[in-house]
Amino acid sequence: MQFRLPLSASRVVEAGASPAAAVCARLLGDLGAEVIKVEPPLTEARGKERLHIDYNKLGLTLDVSKEAGRKLLLRLIARANAVVLDGSTPITPDEVRATRSDSVIARATDERDSNDVGVQDVIAGTALAGGVLAALLRHRRSGEGALVEVGSQESAAALLGEDREWHSPPGPDELKRSAARSVLEPVSHSGLGLVQVAGPTWHFSDTPVHVRLPAPRPGEHNGYVLLDLLGLGREEAQRLVDEGVVGHIESEVAGRL
Amino acid sequence: MNESFLDGITAVELSRGPAAAFCCRLLADWGAEVIKVEPPGGDLLRTDDPALFERLNAGKKSITLDLINAAGTALLHDIASYVEALVEDGVVGLDYESPSAESRRLVVTSVRPSARKSSPSAASPVGWESVVGLNAFDATLAALIGVTMTEQGQQVVINADECLAAVATLASGGSRPPAVSKPTALFRTPLLKSAGSIAQPGEHNDEVYGEMLGLSQEELAMLRTKGVV
């Protein structure tokens, strides 16, 4: 019997550049959600640090500073169960709710866009994912949407206590290394070849979770999102590319334009 | 008025360490009913570190149960058939590798504590455990969402060492959280259920054994006499 991951019926839009938002969205992707990561066009490939927090996602490039880009993002959000924002996303929770009243809105209140992933980002992203899961569970029951918010620094302070110093995992180095090895999963990345990433650490007895997709190249799935999901016509999609609202559409899909 | 996020979810907690207890504290914060199962003498942390006990256990109900005793284990299985989730960290006397037939929808969250003999990170040993507990919280909710789709519960295992190794790998940037001067909360979201008080050991025995399981006062009295509850 084919198993279904817990979030296999859910779509999540990640529309924030902060590491905490990325961690949150990846965890939801691990659980089976279709996660669409929205980045500005002309984004350079991110650093290797990002490979650990961007897998199990599709990539869309969209210039949300342009009005046409914002509108497209809202159209996409209307087709998603949850959206992950951060402090720099030029879309407010009210705008999301006006688009889709039962959206589960997650917001990491940070504004930093950084390749430097800190412990506070991992903690905040994990907490935010928990909030999204609680909200999705309620949505199944009552149909209500929700707004869930965390701040990275606050979350880390709340968990790590007064000291807040993050030591590398305590214990003998050998144990630390073997523990690290046990969480690494190989994944084939276009451009980088085979890379080792820290896979999901939850062991579900019936619905095991794994690295299913490598971190996407920016805009790798523009064709899928614009043509298949949003159902744009070929002329409209090409116009958006020409106007710089969306990045290029990759060749195998571009053939359909 | 919106309903609490986890209205209708009841979780049973069998914990020795802080990670599983913190997982259940989060479930309680988000509106679940959490029944903490303590040995008849009460959780050792109550006397060893009252402040930490309070931080980990506010808002939970408490029942006492002797899990060394076969009658106690049988009662636990009865309780498990009435609840949505069971969170455990390897308590002696518990054999719960997979949900039984009568609790097909049960989610079992199993925290496997660190293999480290001791924590040299004296500065914030609980901080580490909390990160593991947070991961267990997410996993429990994910499995509960799965139940809404498949009508099937499952077990999810969170291994503390793996969990921390993954965090350390992700956070390769290595930056530290800047100092925050004011007291903080994990979530900014206002949770609809305020953190409750600290229950006395066994404070909710009558409610759980009587109302949930339907035991009579006489049966309960006998269990007390035998030291099972």
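Each chain gets a letter, A, B and so on, in the order its sequence line appears, and its residues count up from 1.
Smallest separation of non-hydrogen atoms from A/G118 and B/A171: C-CB, 3.7 Å. The minimum heavy-atom distance linking B/Q154 with A/D206 is given by the pair OE1-N, 2.8 Å. Minimum heavy-atom separation, B/T169 to A/L184: CG2-CD2, 4.4 Å. Between A/P6 and B/G146, the shortest heavy-atom distance links the atoms CB-N, 4.0 Å. Smallest separation of non-hydrogen atoms from A/A134 and B/W30: CB-CE3, 3.6 Å. The nearest pair of heavy atoms linking B/L141 to A/L137 is CD2-CD2, 4.2 Å.
Heavy-atom distances place the side chain of A/L27, and not its backbone, under 4.5 Å from chain B. With a 4.5 Å cut-off on non-hydrogen atoms, B/F137 touches chain A through its side chain but not through its backbone. For chain B, no part of A/R107 is nearby; none of its heavy atoms comes within less than 4.5 Å. For A/I53, the part lying under 4.5 angstrom from a heavy atom of chain B is the side chain only.
Ranking B/T109, B/L144, B/N135 against chain A, the residue ahead of the rest is B/N135, based on heavy-atom pairs under 4.5 Å. Counting heavy-atom pairs closer than 4.5 Å to chain A, the top residue among B/T148, B/L134, B/L26 is B/L134. Taking chain B as the reference chain and counting heavy-atom pairs below 4.5 Å, the highest number among A/L28, A/V23, A/L31, A/V148 is found for A/V148.
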Contacts under 3.5 angstrom, residues 123-132 of chain A side chains, donor-acceptor by atom type, not counting sequence neighbours:
residue, atom, partner, partner atom, Å
A/T126, OG1, A/V122, O, 2.6

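The number of heavy atoms from other shown groups lying within 6.0 Å of CD (B/E54) does not exceed 12.
In terms of the salt bridge (charged side-chain N to carboxylate O under 4.0 Å, His left out) criterion, residue partners of A/R97 (sequence neighbours excluded) are, by chain and number, A/D94.
In this structure a side-chain-to-backbone donor-acceptor pair under 3.5 Å is missing from B/Q155 to A/F204. Remark: side-chain polar atoms of A/S155 are paired, donor with acceptor, to backbone N or O of B/L186 under 3.5 angstrom. Not a single donor-acceptor pair under 3.5 Å links the side chain of B/E162 to the backbone N or O of A/V183. With A/R141 contributing its side chain and B/D7 its backbone, the two residues share a donor-acceptor pair below 3.5 Å. Using modelled atom types, no side-chain atom of A/T201 and backbone atom of B/C163 make a donor-acceptor pair closer than 3.5 Å.
With contacts defined as side-chain heavy-atom distances shorter than 4.5 Å, the pair A/V150/B/R188 does not qualify. Counting only heavy atoms from C-beta outward, the side chains of A/W202 and B/I158 approach each other to under 4.5 Å. With a 4.5 Å cut-off on side-chain heavy atoms, A/R138 and B/I9 do not count as touching.
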- [ ] Show the numbers, then the answer: is there a side-chain contact (heavy atoms from CB on, under 4.5 Å) between A/R26 and B/L170?
- [x] CA-CA 12 Å; A/R26 196 217 81 192; B/L170 263 54; 3.9 Å; yes
- [ ] Please assess B/V156 against A/H203 for the test side-chain contact (heavy atoms from CB on, under 4.5 Å), listing each intermediate value before the final yes or no.
- [x] CA-CA 5 Å; B/V156 53; A/H203 301 280; 5.6 Å; no
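B/Q152 CD to A/S205 OG: the interatomic distance, rounded to the nearest 0.5 Å, is 9.5 Å.
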